[in-house]
J.: 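The structure that follows is given in the form of structure tokens.
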Amino acid sequence: MNRNSSLHGIDISRWEGRIDFERVRKNGIRIVYIKATQGTDYVDPDFERNYRDAHKEGLAIGFYHYVTARSINEAREEARFFASHIREKVQHVKPAMDFEVFGELTTAEIREISQHFLTTLEEKTKHKPVIYSDSSNASSRFADDRFREYPLWIAEYGVTRPNMENPWHRWSGWQYTDRGRVRGISGYVDRDYFRRDILIDSKVRHCE
């Protein structure tokens, strides 16, 4: 599958402000990743509204969590926190781990934290999580065969295709710009291409 046959998507948080999801849908967007939580106590202020309005318009919905953990215990706690906020929601797209700011963590620590977050999240949601990563970290910090079982949602801008010199060799999602334009959103928005393997059910009608 090339990008021209991929499903068009966006990922959003409070920074996009009030979104007109009817116009978003009419602009060809089929998948919406919504920021749900961060750390162990932060819920995105627009999480519930974005979910409600996107669901009303029949868009395929997924959620992501911004990881701040600095230990295995914190990783597990964050996964449980994330799961507690999304488990009662209708989900069409696999939940995603967004771990991109590492501080003083070593690569080994990053991998252990990621692994425990992912396994705990899968245990709690019964869905295989997605790893969101820029191409550099996918080729270095996450370049461990244990992560290959998780779909990769890669971020790389200004290229005709992302660098896939990593353990996956194939992307399930590609965030190709952070300066996209979509009718229904007043400013810039992240835009994505997605393959059907990022869906919980590949036959979901929302993406037809």
Side-chain angles (χ1 to χ4, degrees), residues 6-69 77-101 117-118 120-122 124-133 151 153 155 172-194 196 198-201 204-208:
S6 302
L7 301 167
H8 290 263
I10 56 175
D11 54 279
I12 58 172
S13 68
R14 65 185 291 260
W15 300 111
E16 278 66 51
R18 189 97 190 197
I19 296 173
D20 184 338
F21 284 98
E22 180 180 8
R23 296 184 69 196
V24 167
R25 176 179 54 78
K26 289 179 177 178
N27 198 201
I29 299 300
R30 293 293 173 263
I31 293 178
V32 178
Y33 257 111
I34 299 170
K35 181 176 182 179
T37 49
Q38 177 173 326
T40 58
D41 59 4
Y42 178 87
V43 179
D44 187 276
D46 291 348
F47 163 58
E48 292 288 352
R49 186 183 72 204
N50 282 334
Y51 168 72
R52 181 184 66 246
D53 293 353
H55 181 53
K56 179 181 177 182
E57 288 302 321
L59 292 161
I61 295 170
F63 302 106
Y64 73 92
H65 172 89
Y66 188 91
V67 174
T68 63
E77 187 177 354
E78 288 194 26
R80 290 190 289 266
F81 178 65
F82 179 32
S84 72
H85 283 82
I86 66 173
R87 67 164 55 98
E88 300 301 325
K89 302 284 196 278
V90 174
Q91 299 174 64
H92 310 95
V93 189
K94 297 168 184 174
M97 175 189 76
D98 178 1
F99 190 14
E100 56 184 283
V101 177
F117 179 91
L118 293 165
T120 303
L121 182 61
E122 184 171 6
K124 295 298 181 182
T125 64
K126 309 307 179 187
H127 300 312
K128 180 70 69 177
V130 172
I131 295 174
Y132 168 85
S133 173
W153 174 16
S172 297
W174 172 22
Q175 184 187 83
Y176 63 90
T177 183
D178 61 352
R179 296 176 69 84
R181 291 288 192 180
V182 174
R183 287 189 293 274
I185 299 176
S186 60
Y188 292 123
V189 64
D190 297 340
R191 293 204 58 165
D192 308 270
Y193 297 121
F194 293 108
R196 285 188 172 270
I198 209 163
L199 300 170
I200 291 170
D201 179 356
V204 64
R205 294 184 61 189
H206 296 67
C207 292
E208 294 177 354

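Worth saying up front: this structure is predicted, and the values here are computed from it rather than measured. For the single chain, residues carry numbers from 1 onward in sequence order.
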J.: Enter the distance from Y51:OH to I12:CD1 here, rounded to the nearest 0.5 Å.
T.: 13.0 Å
J.: Taking the side chain as everything from C-beta on, heavy atoms only, tell me whether I61 gets closer than 4.5 Å to N50.
T.: no
J.: Of all heavy-atom pairs between D44 and R14, which one has the smallest distance, and what is that distance?
T.: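 Closest pair (atom of D44, atom of R14, distance): OD2-N, 3.1 Å.
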J.: Report the C-alpha separation of L199 and I31 in whole Å, then their side-chain angles, then the decisive distance to 0.1 Å, and conclude whether the side chain to side chain contact (heavy atoms under 4.5 Å, CB included) test is met.
T.: CA-CA 9 Å; L199 300 170; I31 293 178; 4.0 Å; yes
J.: Partners of R52 by side chain to side chain contact (heavy atoms under 4.5 Å, CB included), sequence neighbours excluded?
T.: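 Scan of R52 (side chain to side chain contact (heavy atoms under 4.5 Å, CB included), adjacent residues dropped) gives R49.
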J.: Restricting to non-hydrogen atoms, name the atom on S13 and the atom on K35 that form the minimum distance, rounded to 0.1 Å.
T.: CB-CB, 3.8 Å
J.: What distance separates I19 CD1 from D53 CG, expressed to the nearest 0.5 Å?
T.: 8.5 Å
J.: Here's a test for you: under ring pair (Phe, Tyr, Trp, His ring centres under 6.0 Å), which of Y66, Y42, F63 qualifies with F47?
T.: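 Answer to the ring pair (Phe, Tyr, Trp, His ring centres under 6.0 Å) test with F47 among Y66, Y42, F63: F63.
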J.: Verify, without hydrogens or angle tests, whether R191 (side chain) and Y176 (backbone) share a donor-acceptor contact under 3.5 angstrom.
T.: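 It does not hold such a pair.
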J.: Tell me whether E57 contacts the main-chain N or O of A54 through its side chain, where contact means a donor paired with an acceptor under 3.5 Å.
T.: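 Looks like no, no N/O pair under 3.5 Å.
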J.: For T68, is there any backbone N or O sitting under 3.5 Å from a side-chain donor or acceptor partner on E78?
T.: yes
J.: Counting N and O atoms only, with roles assigned by atom type, does the side chain of H8 sit under 3.5 Å from a partner on the main chain of R30, one being a donor and the other an acceptor?
T.: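 No, the answer is negative, given that no donor and acceptor are paired below the 3.5 Å cut-off.
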J.: Is it true that K89 and E48 make a salt bridge, defined as a side-chain N closer than 4.0 Å to a carboxylate O?
T.: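 A salt bridge links K89 with E48.
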J.: Once you round to the nearest 0.5 Å, how far does NE2 of H65 lie from OH of Y132?
T.: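 Atom-to-atom, H65:NE2 and Y132:OH are 15.0 Å apart.
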J.: Check whether R196 reaches the backbone of D201 with its side chain - one donor and one acceptor, N or O, closer than 3.5 Å.
T.: no
J.: Measure across F81 and G39 and return the closest heavy-atom pair with its distance rounded to 0.1 Å.
T.: CD2-O, 3.5 Å
J.: Where is the tightest heavy-atom contact between G9 and F194, given as atom of each residue plus distance?
T.: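 Scanning both residues, the minimum pair turns out to be CA-CE1, 3.9 Å.
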J.: Has N27 got a side-chain atom pairing as donor or acceptor with R183's backbone, closer than 3.5 angstrom?
T.: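 Judged by distance alone, yes, a pair lies under 3.5 Å.
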J.: For the atom pair CD1 (I86) and OG1 (T37), what is the distance rounded to the nearest 0.5 Å?
T.: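 It is 7.5 Å, given to the nearest 0.5 Å.
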J.: Does some side-chain heavy atom of I200 sit less than 4.5 Å from a side-chain heavy atom of H92?
T.: no
J.: So Y33 and I198, do their side chains get closer than 4.5 Å, heavy atoms only?
T.: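 Contact flag for I198/Y33 side chains = yes.
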J.: Roughly how far apart are D20 CG and K26 NZ, rounded to 0.5 Å?
T.: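 Atom-to-atom, D20:CG and K26:NZ are 8.5 Å apart.
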J.: Has E77 got a side-chain atom pairing as donor or acceptor with T40's backbone, closer than 3.5 angstrom?
T.: no
J.: Would you name the heavy atoms of S172 and P151 that are closest together and state the gap between them?
T.: OG-CB, 3.6 Å
J.: CG of L7 to CG of D192: how many Å apart, nearest 0.5 Å?
T.: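 Taking CG in L7 and CG in D192, the distance rounds to 11.0 Å.
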J.: Shortest non-hydrogen contact from D11 to V189?
T.: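 Heavy atoms of D11 and V189 come nearest at O-CG2, 3.9 Å.
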J.: Report yes if the side chains of L121 and M97 come closer than 4.5 Å at any heavy-atom pair, otherwise no.
T.: no
